[in-house]
Amino acid sequence: MNPLLSTFLGLALTAAAATAHAEVAPPAAVLADGVPKIPAATAEATRPYLEFRSAGFLGWNPADRSMLIKTRFGNTDQLFRVAAPEGARRQISFEHEPTPFATHAPAGGEALVVQKDVGGDEFYQLYRLQDGRLTLLTDGKSRNWFGAWSRDGRLIGYSSTRRNGADADLYVMDPRDPASDRRVATVAGGGWNISDFSPDGTRALAIDRRSIDHAAIHEIDLASGRITALTDPAQAVSYASARYAADGRIWVLSGRDSDFVRLGKLDPRSGAFVALSPEAPWDVDEYAVAPDERFVVYAVNEAGVSRIRVLDPASGAVREVEGLPAGVLHWSFGDPIQIAPWGEIGLSLSAAGVPGDAFSIDPDTLAVRRWTFSEAGGLDLSRNREPELVEIESYDGEPMSGFLYRPDPARFPGPRPLIVDIHGGPEGQSRPGFLGADNYLVNELGIAIFLPNVRGSSGYGKRFLGLDNGPWKREDSVRDIGAFLDALQRDPALDAERFAVYGFSYGGYMCYASAVHYSPRLRAASCAVAISDFVTFLENTQPYRRDLRRVEYGDERDPAQRAKLGEISPLRNVERIRVPLMVATGGNDPRVPASEAEQIVAAVRAHGGEAWHVLARNEGHGFHKRENRDFIFWAGVEFWKRTLLDAR
């Protein structure tokens, strides 16, 4: 062989061998304890699936008719302006931390208000954004939450815990003049916020949210601070998104007199509520009213799919928008549907083949225009598997369902492993949106993913929502997972010997609890930002949210409830966990403190079990920085390979 060629071949083989054995170092803020080295080959193979981005619609700019969105081109989500459908995204915020929410002043006002936190601590501050720079409007220490703009765009209303760290008092401010900030109502409870200003700007509506199905509407006289209850605060009825109507009544979403949430109007004088949305048996999740009230657009949660409809209030006629993907409204903060002053409807949706994009709808013709086409790492999104709706009866005959994403049987013949991915909340809902990086597990590893909706999930009526409330009913939802395992293990396309569970937040508790109850039927459990002990969780979660969680889980101050909460906590039953665990958490998590992860990892290891622990010190209740999110995903891929695919 030619000596020169031999040298080149040797170098090439050496380089290939080095690449094959190279490893991915954890990011600087990530502690990977008990986690095997991540091969560089895993990072390379998954990279296209991590390159997707999504566009979240945040609102309209009345000054130039552009759309405000958030998306990620670097490490975090930032704000962008899109001038027209399919137009370029022009970046307008440049922060190190994610910038998840912003809102333009209505009526042509120039102010743009931003809400963001630091390190995921959820102590949100409000800022004014101008020329790419933020000016702090709030105190920099407490938790602040944007509520609403006044109709003339002069004032914002918001809530803040600055007085004592627990109660969400109500404030108004001209964001062009931070010195104008003033408290207009001192309240008790962490669930308060301003939802609308009266047309003349003298009054405001405020909602006191005590749980997902218990809230009350109040009206505040902004000059005197006098608060008047417009609904009975003692009555356990849901009210949300209250807005003044032109006829003196109040637009609102409510579960009043129904098992499902409906769009309607409340008469503040008589207290009468009239439902205007005809759908049953599904919830109305969101709505927006045209400035002249000529039409109302709303979203129906139909078996998890967002169906967008336009209502003519005068005639009661309802039209369905047909030109959108069959997916899910895509948002995390603010109003997901907004109507521009010129009548155009804006929103964003995600679906199996849509990572999350912004759309507009003409209210007259219902024609749909797509404003963004989010990139997906060069992947063919048509390969993504559409989910199947799986319906079962649980152990007690209660009907429930979930969404099953199967790998391509032509590429992956024979029975396939399965991950049961349990949603958080617990009042959340698994819906058929974009799987994100998890498409890699389905498309490239041949792992099926099932998203269950156990009792306590939203979207199926308030009776179903309340079936898991309190410590004595809590494990009924864990038994639902057992019923789903029974049904799925009878599926010939699934390998009953290779099942695992995953869960995030409350789903993380369900993940631990499933490992406690069903270890003989599982291979592994991956539990993120998860409750391991209800008593320590309730004692250590932030004060502003503690009472809201006691309504759902129970009150640890009551001896009987405390004993039951301890009895059902995974930490107290850790000896029954006989499968490998992967635990991921954020060091700044204000909801489920990192100590919840630390204590169960230590307990599992003390009992001779295997536990991988990934701690992202600069994150909160979720992983929003690209480098952290990627590393945690890579660790998860290795975990599933070892436990479900027997790859070592």
Side-chain angles (χ1 to χ4, degrees), residues 57-68 84-85 103-109 148-154 195-201 203-205 217 239-254 261-268 272-279 283-300 306-324 329 331 334-349 358-371:
F57 169 77
L58 294 174
W60 296 102
N61 184 347
D64 61 9
R65 298 197 171 195
S66 65
M67 186 180 276
L68 179 67
T103 173
H104 279 288
W149 282 100
S150 61
R151 304 291 177 91
D152 61 5
R154 187 176 61 86
S195 64
D196 195 20
F197 287 83
S198 63
D200 64 4
R203 293 163 291 132
L205 294 174
I217 304 175
Y239 294 99
S241 304
R243 294 160 189 160
Y244 287 101
D247 63 5
R249 292 186 291 173
I250 296 168
W251 290 101
V252 70
L253 297 176
S254 180
V261 174
R262 299 176 293 174
L263 169 65
K265 281 185 174 181
L266 175 77
D267 188 326
F273 172 76
V274 176
L276 298 175
S277 59
E279 289 76 17
D283 285 341
V284 176
D285 324 279
E286 298 293 337
Y287 77 101
V289 181
D292 58 4
E293 298 200 10
R294 179 171 61 92
F295 68 91
V296 180
V297 59
Y298 62 96
V300 178
S306 294
R307 305 293 185 189
I308 309 301
R309 295 183 175 139
V310 177
L311 166 71
D312 179 348
S315 68
V318 175
R319 296 174 294 155
E320 182 160 350
V321 179
E322 302 286 357
L324 291 165
L329 275 176
W331 86 102
D335 297 323
I337 305 175
Q338 295 183 43
I339 300 171
W342 53 95
E344 198 162 8
I345 301 162
L347 50 80
S348 52
L349 281 167
F359 299 82
S360 69
I361 304 164
D362 183 300
D364 297 318
T365 66
L366 302 190
V368 172
R369 297 195 295 174
R370 186 167 177 172
W371 285 60

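Not measured: the values here are computed from a predicted model.
Of the possible donor and acceptor atoms, none in the side chain of W60 sits under 3.5 Å from a partner among the backbone N and O of H104. Judged purely by atom type and a 3.5 angstrom limit, S150 has no side-chain atom pairing as donor or acceptor with the backbone of G201. Of the possible donor and acceptor atoms, one in the side chain of S306 sits under 3.5 Å from a partner among the backbone N and O of L329. Although no hydrogens or angles enter the test, the distance criterion places a donor-acceptor pair under 3.5 Å between the side chain of Q338 and the main chain of L58.
Annotation for G153 and P106: closest pair CA-CD, 3.7 Å, computed over non-hydrogen atoms. Here the shortest heavy-atom pairing between A299 and I308 reads CB-CD1, 3.7 Å. When all heavy atoms of L263 and V284 are compared, the pair lying nearest together is N-CG2, 4.1 Å. Nearest heavy atom pair, residue S195 against residue A242, reads OG-O, 2.8 Å. Closest heavy-atom contact between P291 and P341: CG-CA, 4.1 Å. When all heavy atoms of W342 and P62 are compared, the pair lying nearest together is CZ3-CA, 4.1 Å.
Here the side chains of I250 and P268 are in contact, with some heavy-atom distance below 4.5 Å. Contact annotation: the side chain of S254 never approaches that of L266 to less than 4.5 Å [non-hydrogen atoms, C-beta and beyond]. In this structure, the side chains of T103 and D335 stay at 4.5 Å or more apart for every pair of heavy atoms. K265 has its side chain within reach of D247: a pair of non-hydrogen atoms, C-beta onward, lies under 4.5 Å apart.
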Check your understanding: Hey, mind stepping through R249 and V274 against side chain to side chain contact (heavy atoms under 4.5 Å, CB included) and telling me if it holds?
Key -> CA-CA 10 Å; R249 292 186 291 173; V274 176; 4.2 Å; yes
**Study point:** CA sep, side-chain torsions, deciding dist, call: R369, F359, side chain to side chain contact (heavy atoms under 4.5 Å, CB included)
**Key:** CA-CA 6 Å; R369 297 195 295 174; F359 299 82; over 6 Å; no
Exercise for review: Determine, stepwise, if the pair I345 / I337 fulfils side chain to side chain contact (heavy atoms under 4.5 Å, CB included).
Suggested key: CA-CA 7 Å; I345 301 162; I337 305 175; 3.9 Å; yes
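Relative ring orientation between W251 and Y287 is described as tilted, the plane-to-plane angle lying within the 30° to 60° band.
The CG atom of D283 sits 9.5 Å away from atom CG of L253, with the distance rounded to the nearest 0.5 Å. Atoms OG and CG, from S348 and L324 in turn, are 11.0 Å apart once rounded to the nearest 0.5 Å. Here the CG-OH distance, from L205 to Y239, works out to 13.0 Å after rounding to the nearest 0.5 Å.
At a threshold of 4.0 Å, the pair R65-E344 does not count as salt-bridged, since none of the basic side-chain nitrogens sits closer than that to a carboxylate oxygen. Salt-bridge check for R151 with D196: passed, with a basic side-chain N closer than 4.0 Å to an acidic carboxylate O. Salt-bridge check for R309 with E279: passed, with a basic side-chain N closer than 4.0 Å to an acidic carboxylate O.
For the side-chain contact (heavy atoms from CB on, under 4.5 Å) with F295, the lone residue among D312, V289, I339, L311 that qualifies is I339. Of the candidates V296, D364, V297, V310 forms a side-chain contact (heavy atoms from CB on, under 4.5 Å) with just one, namely V297.
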